[in-house]
Amino acid sequence: MDKPNIVLTGFMGTGKTTVGKKIAQQLAYDFVDTDELIQERAGKTVPEIFQEMGEIAFREMEAAVARELAGMQGIVISTGGRLMLDPGNAAALSSTGRVFCLVATPEEILERVTNDPDVERPLLTVQNPMERIVELMQQRQEGYGQFSQMVTSEKTPDVVTKNLVGIFQSNPDQRVPIMGAGKRYEYIVGGGLLPFVKNLAGITGPVAVITDTNTGPLYAQSCGPVDMVIEVPPGQQHKTLTVVQSICEELIEKGFDRSGTIIGLGGSVISGLAGFVAAVYMRGVDLVHCPTSLLAMVDTSIGGKAGINLPQGKNLVGAFKQPTAVIADVATLQSLSPEEFSSGMAEVIKHSLIDDAALFARIESGSWAREAGTLVPPLADLQALVAQAIQVKIRIVQEDPFDQGRRNVLNLGHTFAHAIEQVCKHTIRHGEAVAMGLVAAANLSARLGHSSPSLQERLEPVLADAGLPNRIPAHIDLPQVYEAMRRDKKAASGRIRFILFRTIGDVFVTDAVTQAQVLETLADIRE
């Protein structure tokens with residue numbers, strides 16, 4: 001739509017009408033308050049409708065208004081407190097508008113409604129209004145939780161309006177709910193989102209940004225006022241327990257407590273490092289991932305796994321830590337080098353090979369080359385690609401949040417890749433190693449009779465078009481690669497587990513592979 005609607009929901013007293021009118025004025029939109037519209041048409045106040053006609057009649061009026069407004073555009077809609085808790089109303093208004101839930105503390109809500117005597121609040125005509133507010137908010141918490149939250153406590157209507165308009169204009173069209181280990185959070189994809197991170201994630205306490213010395217100078221200030229920025233050197237070699245200790249010590253020195261939130265701002269190394277720190281610091285603090293590389297956006301920021309490297313291998317020390325939100329600002333991809341962009345494309349291709357043949361066909365038919373100083377394809381196309389790619393990992397992670405079965409398929413190509421990285425001492429980028437591992441998996445699958453050799457023939461040009469290698473460099477010692485595989489954390493009882501193909505979109509896990517077969521595959525795809 002040219003002018004998508006803005007829908008404000010939330011508990012009474014959170015500012016829906018006041019803020020809604022200001023947003024409408026700023027955007028030159030029309031403003032509609034659903035309760036006022038119903039009262040005007042019925043010729044009765046809401047309390048009178050309840051008393052004379054009953055609640056069922058009122059809810060039917062709400063549903064009719066929701067359907068009507070969903071067919072319009074260019075309006076800001078302030079909804080009654082329960083209107084969007086009805087699935088039909090929510091579906092109708094969400095189809096043509098962006099929904100924001102305004103949130104405030106019970107204390108501030110009571111103060112606001114007490115100071116607004118012109119509006120009747122029949123639900124609060126009780127002996128203890130505060131107790132009633134808390135009770136109702138708890139009842140509605142899950143329903144309101146399905147929408148993007150905007151905290152209005154201790155903020156003026158002008159500040160809330162500015163934040164909401166900024167988020168709306170940044171156009172985060174892709175919002176994917178994730179349920180991980182019993183915790184629900186949102187993955188939000190858009191352009192220009194970093195200035196609104198705290199609002200999008202509902203952060204109210206202290207904030208510590210963990211980033212690296214490459215990313216921090218570019219984007220840390222974009223996250224708005226924060227309490228501290230901790231920068232570490234870039235690279236896998238710094239994702240260590242020593243660096244974790246130094247970060248934790250700095251947090252303690254600066255008085256960062258359990259009410260705070262850690263923002264992981266950077267690529268895949270920062271995703272793992274910030275996640276691990278958030279999991280262990282004071283037995284756990286809130287975490288928000290803000291991935292700035294394509295690799296981190298489509299892979300490491302999803303799923304709650306946080307790993308730290310040891311000299312013996314990657315991610316051998318780890319924890320599960322679900323974030324409160326993942327906010328992927330695709331505009332940050334502009335600063336990536338062509339090599340880093342291609343490295344991320346390896347994970348996008350991997351996801352398509354695991355569980356989305358349509359995504360693979362889209363990659364195969366498109367142009368995803370990254371050139372220095374430009375972003376190809378356009379941001380809108382890249383935003384859509386990221387949104388489609390993350391769906392694969394989200395589906396699998398939600399099936400297996402603690403990596404006990406189905407989730408193993410996400411390691412497609414990684415048994416080879418991690419070993420190659422270790423042998424070359426991380427001089428090869430992770431995505432480049434994954435690309436080699438994908439070709440190796442296709443080759444080994446055909447060698448064992450599980451798939452057709454045509455799969456490898458189809459895969460190799462797709463990798464090449466994305467700027468990725470499809471051969472192992474000649475200087476890599478293949479027996480050392482095999483030995484590194486044996487030490488991989490995915491090995492069990494001395495047997496190496498591989499993810500292999502039947503066809504694109506159909507992969508499986510097996511350890512029925514001999515050393516000779518692995519070495520033959522490695523030799524076959526060596527330069």
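Only this structure's heavy atoms are used, side chains among them; waters, hydrogens and symmetry mates stay out.
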**Q** Would the number of heavy atoms belonging to other residues, nucleotides or ligands and lying under 6.0 Å from CD of Glu249 be above 12?
**A**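 Yes, the 6.0 Å shell around CD holds more than 12 heavy atoms from other groups.
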**Q** Verify whether the ring centers belonging to His426 and His418 lie closer than 6.0 Å.
**A**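 Between His418 and His426, which both carry aromatic rings, the centre distance is not below 6.0 Å.
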**Q** Taking it one step at a time, do Leu294 and Glu347 satisfy side chain to side chain contact (heavy atoms under 4.5 Å, CB included)?
**A** CA-CA 8 Å; Leu294 185 57; Glu347 293 291 345; over 6 Å; no
**Q** Only distances under 3.5 Å count here; give the side-chain donor-acceptor pairs of residues 227-239 to other protein atoms, sequence neighbours excluded, each with its distance to 0.1 Å.
**A**
residue	atom	partner	partner atom	Å
Asp227	OD2	Val207	N	2.7
Gln236	OE1	Asn309	ND2	2.8
Lys239	NZ	Asn315	OD1	2.8

**Q** Is the shortest heavy-atom distance from the side chain of Ile6 to the side chain of Leu27 under 4.5 Å?
**A**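 SC-SC contact between Ile6 and Leu27 confirmed.
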**Q** Residues two or more places apart in sequence or in another chain: which of them pass side chain to side chain donor-acceptor pair (under 3.5 Å) with His351?
**A**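 By the side chain to side chain donor-acceptor pair (under 3.5 Å) rule, His351 matches no residue at all.
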**Q** Should the pair Glu460-Arg471 be classified as a salt bridge under the 4.0 Å nitrogen-to-oxygen rule?
**A**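 Judged by the 4.0 Å cut-off on N to carboxylate O distance, Glu460 and Arg471 do form a salt bridge.
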**Q** To the nearest 0.5 Å, what is the distance between OG (Ser153) and CD1 (Ile109)?
**A**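 Output value for this atom pair is 7.0 Å.
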**Q** Any donor and acceptor pair, going by atom type alone, linking the side chain of Thr261 with main-chain N or O of Ile203 inside 3.5 Å?
**A**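 Judged by distance alone, no pair lies under 3.5 Å.
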**Q** Over all heavy atoms of both residues, which pair between Pro473 and Ile428 is shortest? Give the atoms and the distance, please.
**A**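 Reported closest heavy-atom pair: CG-CD1, 4.0 Å.
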**Q** Looking at CD1 of Ile396 and CD of Gln391, how far apart are the two atoms once the value is rounded to the nearest 0.5 Å?
**A**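 Between atom CD1 of Ile396 and atom CD of Gln391 there are 11.5 Å.
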**Q** Would Thr9 and Tyr144 count as a side chain to side chain contact (heavy atoms under 4.5 Å, CB included) here? Give the steps.
**A** CA-CA 8 Å; Thr9 187; Tyr144 287 148; 3.9 Å; yes
**Q** When you measure from the side chain of Glu432 to the backbone N and O of Arg429, does any donor-acceptor pair fall under 3.5 Å?
**A**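 Yes, because the side chain of Glu432 sits within donor-acceptor range (under 3.5 Å) of the backbone of Arg429.
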**Q** Hey, is the main chain of Val326 close enough, under 3.5 Å, to the side chain of Glu186 for a donor-acceptor pair?
**A**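 Here the side-chain-to-backbone pair does not exist.
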**Q** Rounded to the nearest 0.5 Å, how far apart are CD1 of Ile308 and CG of Leu273?
**A**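 Answer rounded to 0.5 Å: 5.0 Å.
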**Q** State, without any angle test, whether Tyr219 and Ser335 hold a side-chain donor-acceptor pair at a distance under 3.5 Å.
**A**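 Note: Tyr219 and Ser335 side chains meet the donor-acceptor criterion.
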**Q** Checking the side chain of Thr152 only, and the main-chain atoms of Thr14 only, is there a donor and an acceptor separated by less than 3.5 Å?
**A**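 Checked: pair present.
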**Q** Is Arg407 salt-bridged to Glu399, cutoff N-O under 4.0 Å?
**A**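 Glu399 and Arg407: not salt-bridged.
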**Q** Pick out which of Leu522, Ile472, Val434 makes a side chain to side chain contact (heavy atoms under 4.5 Å, CB included) with Ile420.
**A**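 For Ile420, the side chain to side chain contact (heavy atoms under 4.5 Å, CB included) check succeeds only for Ile472.
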**Q** Assess whether atom CD of Glu107 is packed by more than 12 heavy atoms of other residues, nucleotides or ligands within 6.0 Å.
**A**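 For Glu107, atom CD is crowded (more than 12 foreign heavy atoms under 6.0 Å).
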**Q** Just checking, is any N or O donor in the side chain of Asn411 or Lys350 under 3.5 Å from an acceptor N or O on the other one?
**A**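 No pair is found: no donor N or O on one side chain lies under 3.5 Å from an acceptor on the other.
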**Q** How far apart are the closest heavy atoms of His289 and Ser301, and which atoms are they?
**A**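 Looking at all heavy atoms of both residues, the shortest contact is CD2-O, 3.5 Å.
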**Q** If we ignore hydrogens and angles and just use 3.5 Å, is the side chain of Lys321 paired with the main-chain N or O of Val285 as donor and acceptor?
**A**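 The answer is yes, because a donor-acceptor pair under 3.5 Å joins these two groups.
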**Q** Are Arg362 and Asp356 within salt-bridge range, i.e. N to O under 4.0 Å?
**A**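 A salt bridge is absent here (no side-chain N lies under 4.0 Å from a carboxylate O).
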**Q** Does any non-hydrogen side-chain atom of Met485 lie less than 4.5 Å from one of Gln480?
**A**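 Gln480 vs Met485: side chains apart.
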**Q** Ser94 vs Met84, test: side chain to side chain contact (heavy atoms under 4.5 Å, CB included). Steps then yes/no.
**A** CA-CA 9 Å; Ser94 297; Met84 292 297 284; 4.2 Å; yes
**Q** Just by modelled atom types, is the Thr300 backbone N or O under 3.5 Å from a matching donor or acceptor in the Lys305 side chain?
**A**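 No: the side chain of Lys305 does not pair with the backbone of Thr300.
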**Q** Can any side-chain N or O of Thr415 pair as donor or acceptor with the backbone N or O of Arg497 at less than 3.5 Å?
**A**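 Here the side-chain-to-backbone pair exists.
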**Q** What are the two closest non-hydrogen atoms of Thr324 and Tyr185, and how far apart are they?
**A**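 Of all heavy-atom pairs spanning Thr324 and Tyr185, the closest is O-CB, 3.2 Å.
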**Q** Picking from Ile247, Asp257, Ile252, Leu287, what satisfies side chain to side chain contact (heavy atoms under 4.5 Å, CB included) with Tyr281?
**A**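 With Tyr281 as partner, side chain to side chain contact (heavy atoms under 4.5 Å, CB included) holds for just one option, Ile252.
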**Q** Let me confirm one number: the CG-CG distance from Leu310 to Leu316, rounded to the nearest 0.5 Å.
**A**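 The CG atom of Leu316 is 5.0 Å from CG of Leu310, to the nearest 0.5 Å.
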**Q** Would you name the heavy atoms of Val397 and Gly303 that are closest together and state the gap between them?
**A**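 That closest heavy-atom pairing would be CG1-CA, 3.7 Å.
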**Q** Restricting to non-hydrogen atoms, name the atom on Val277 and the atom on Ile262 that form the minimum distance, rounded to 0.1 Å.
**A**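 The answer is CG1-CD1, 3.7 Å.
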**Q** Go through the steps to decide whether Arg395 and Ile390 satisfy the test side chain to side chain contact (heavy atoms under 4.5 Å, CB included), and finish with yes or no.
**A** CA-CA 9 Å; Arg395 285 197 299 270; Ile390 65 174; over 6 Å; no
**Q** Would you say the side-chain atoms of Thr215 and Asp212 include a donor-acceptor pair closer than 3.5 Å?
**A**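 Result is yes, a qualifying pair exists.
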**Q** I'd like to know if the side chain of Thr427 reaches the main chain of Cys424, judged simply by a donor and an acceptor atom lying under 3.5 Å from each other, with no hydrogens or angles considered.
**A**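 Such a contact is found between Thr427 side chain and Cys424 backbone.
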**Q** Locate the shortest heavy-atom distance separating Ala328 from Tyr187; write the atom from each residue and the value.
**A**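 Reported closest heavy-atom pair: CB-OH, 3.5 Å.
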**Q** So do the side chains of Cys248 and Val244 get within less than 4.5 Å of each other, counting heavy atoms only?
**A**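 Heavy-atom side-chain distance check passes, below 4.5 Å.
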**Q** Examine distances only and state if a side-chain atom of Lys155 and a backbone atom of Val151 form a donor-acceptor pair shorter than 3.5 Å.
**A**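 Checking the backbone N and O of Val151 against the side chain of Lys155, a donor-acceptor pair under 3.5 Å is found.
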**Q** Quick check, are the ring centers of Phe416 and Phe498 under 6.0 angstrom apart?
**A**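 Centroid distance Phe416-Phe498: below 6.0 Å, so yes.
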**Q** Using a 3.5 Å distance criterion without hydrogens, assess whether the side chain of Ser343 forms a donor-acceptor pair with backbone atoms of Glu340.
**A**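 Side chain of Ser343 to backbone of Glu340, a donor-acceptor pair under 3.5 Å: no, none is there.
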**Q** With a 4.5 Å limit on heavy-atom distance, are the side chains of Asn163 and Met150 in contact?
**A**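 Asn163 reaches Met150 side chain to side chain.
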